[in-house]
Amino acid sequence: MKRLRLNFHDHYKEQWKFNHGMFYLGFKTIKYFQMKRIYLLAGLLFAWSQHACSQSQAKILLNPAHAQQTISRYIYGMFSEHLGRDIYDGIWVGRNSSIPNKDGIRLDVVEALKRIHVPVMRWPGGCFADEYHWKDGVGDPSKRPHTINTNWGGVTETNAFGTHEFMEFCRLVGCDPYIAGNVGSGTVQEMSEWIEYLNSNQESTITDWRRQNGQDSAWKVPFWGVGNESWGCGGNMTPEYYADLYRRYASFCKNYPGAPLKKIASGPNGNDLHWMETLLKDIPHWMMWGISLHYYTVPTGNWQHKGSATQFDENEYFSTLKRGLYMDKILDDQATLMNRYDPQKHLALVVDEWGVWTDVEPGTNPAFLYQQNSLRDALVAASTLNIFNQHCDRVRMANLAQTVNVLQSVILTHDAQMLLTPTYWVFDLYKVHQDAKLVPLQLQSPYYVFGNDSLQAINASASIDSTGNLHITLVNINPHQSLPVELNFYEATTWKFLSGQLLTSARINDCNTFEHPNLIHPTTFGDVRQTGNSWTVNMPPKSVVLLTWKK
Ligand code: AHR
């Protein structure tokens with residue numbers, strides 16, 4: 001393939017050839033042999049198609065001048081539930097703890113979350129949200145009722161961490177709160193009063209109560225979930241029934257002055273198109289800001305035996321990546337459906353629970369969902385975030401499940417110790433994409449072949465930030481082979497390569513432990529060279545790379 005030239009016309013020509021490489025080749029061949037040797041063309045086509053599958057180099061074509069769509073920073077959101085040791089231990093240690101804290105909130109965790117610029121935090125669940133009664137969690141902590149967390153191990157919920165503590169946590173981290181209200185077992189009045197408590201500055205009995213509890217001005221929570229997984233733990237409803245309930249509950253989720261609510265309907269389980277279509281048909285669109293979607297990557301695909309977080313072979317590695325990459329298909333399908341009912345793209349798709357879900361660590365409470373986090377998780381996270389970026393016209397928020405000590409966490413704690421997982425470092429690398437403009441790209445990649453199956457080895461996304469820097473995040477999921485990636489971008493020679501960072505490790509199941517907390521972390525990466533008008537990057541096996549250029 002010819003190198004890109006500098007003029008714009010040629011860029012498009014090159015793009016066309018990139019898209020239609022086989023036909024271009026055929027066309028040129030026909031011309032050359034003046035239609036005399038069609039059989040040669042057939043041979044060439046066959047050879048090209050074989051080459052496309054077996055090529056050992058990936059090619060990416062992108063034009064930074066075409067960056068338009070904003071990658072919402074909210075795609076890089078987190079989710080924290082009253083589940084296992086996420087809130088209690090992970091975030092909340094109590095005011096009398098010897099672990100450094102601000103009003104009971106552990107400071108090491110706050111600092112770590114600040115570093116990755118967490119933009120939004122979803123709380124209090126999850127399944128817990130539909131049995132949470134907010135009034136239990138405000139007022140004098142010693143007088144708060146104790147309840148039972150029936151979803152997650154039947155443990156006693158002290159309600160020590162409630163509305164004020166959550167809002168303080170968000171303030172410390174510098175993120176926006178996203179609260180999931182209780183539709184499953186709560187009343188319309190209860191939900192409506194919670195919003196008044198949070199968002200109104202008007203004098204009323206409810207807002208006076210907030211003032212007595214130490215908060216003078218309204219917090220102005222921007223994001224509001226009307227129920228959670230209403231097709232499952234949130235009430236086992238039909239979509240038709242939920243759509244009716246949504247209309248009723250949402251009618252009483254009021255906008256107070258200066259605090260317009262972005263209301264989010266409880267959307268499909270994975271790729272359930274019927275659920276999505278019913279909501280799109282039965283709920284007036286002006287009543288919603290977005291519709292949620294939950295999808296978890298279960299390594300074996302079997303919820304009874306999900307597979308270990310660290311003890312897995314290549315078969316399970318491949319299966320995990322395959323199931324993780326399925327997010328792309330889900331978003332394609334759901335976005336296509338949404339486009340039919342909402343062609344102007346007013347509604348957001350909010351992937352407010354996603355991540356790898358494995359068996360719990362041996363010896364831990366099965367209901368606490370505590371799992372380790374390996375390089376494999378980092379590759380799934382990085383690939384998923386590339387997918388979200390590519391779908392940023394529709395996906396305007398996503399929340400990793402979950403933040404600390406539960407499922408695919410970014411942080412694990414053990415008493416006073418804290419470690420950052422490989423997934424954390426992916427969020428650290430990818431924060432450059434937050435609120436940047438997506439640079440559309442076209443990608444040709446070799447395959448990672450395993451047994452009779454294969455996956456595209458390289459995935460990527462690119463953006464331009466507000467300072468004009470160009471960032472490309474690349475993932476090579478092939479655990480054995482390093483792969484050169486040729487980057488062709490318009491006016492490539494006018495861009496100056498600034499920096500590269502690499503996340504990888506010796507083995508796919510390596511992880512950070514309390515004994516070796518820094519085994520996996522980003523390192524400087526410089527295997528990038530300019531060749532004429534393109535750049536070639538040598539992607540190590542099983543790696544994530546961030547590259548930055550400036551004009
Ligand atoms: O994240 C764990 C659980 O997964 C959440 O509580 C629920 O919404 C989902 O099924």
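Indexing begins at 1, ligand by ligand and atom by atom, following the structure's order.
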Mind listing the closest non-hydrogen atom pair of [X] and [Y] along with its distance?
X: Ala160; Y: Glu165; value: O-CD, 3.4 Å
X: Pro239; Y: Leu279; value: O-CD1, 4.1 Å
X: Ser80; Y: Ile91; value: OG-CD1, 3.6 Å
X: His433; Y: Ser461; value: NE2-OG, 3.7 Å

Q. Nearest protein heavy atom to atom 10 (O) of ligand 1, by residue and atom, and its distance?
A. Glu229 OE1, 2.7 Å

Q. Which residue supplies the protein heavy atom nearest to atom 1 (O) of ligand 1, what is that atom called, and how far is it?
A. Tyr296 OH, 2.8 Å

[X] neighbourhood, listing ligand 1 atoms whose heavy-atom distance to it stays under 4.0 Å:
X: Phe79; answer: 1 (O)
X: Gly126; answer: 5 (C), 6 (O), 8 (O)
X: Trp152; answer: 3 (C), 6 (O)

Q.
Checking contacts here: is it the side chain or the backbone of Leu407 that comes within 4.0 Å of ligand 1, counting heavy atoms only? Could be both or neither.
A. side chain

Q: Mind checking whether Trp354 contacts ligand 1 via backbone (N, CA, C, O), side chain (CB onward), both or neither, at a 4.0 Å heavy-atom cut-off?
A: neither

(Q) With nothing but distance in play, are any N or O atoms of Asn228 less than 3.5 Å from an N or O of ligand 1? (A) yes

Q: Return yes or no for this condition: an N or O of Cys127 is under 3.5 Å from an N or O of ligand 1.
A: yes

Q: Identify which of Gln408, Glu353, His82, Gln402 has a heavy atom lying nearest to atom 5 (C) of ligand 1.
A: Glu353

Q. Taking the side chain as C-beta and beyond, is there a heavy-atom pair between Val351 and Met327 under 4.5 Å?
A. yes

Q. Are any of the heavy atoms in Phe128 under 4.0 Å away from ligand 1?
A. no

(Q) Looking only at the aromatic ring of each residue, does the gap between the centers of Tyr242 and Trp231 stay below 6.0 angstrom? (A) no

Q. Cation over ring, Arg122 on Phe79, under 6.0 Å and within 45°?
A. yes

Q) So, His82 versus Glu157: side-chain donor-acceptor pair below 3.5 Å or not? A) yes

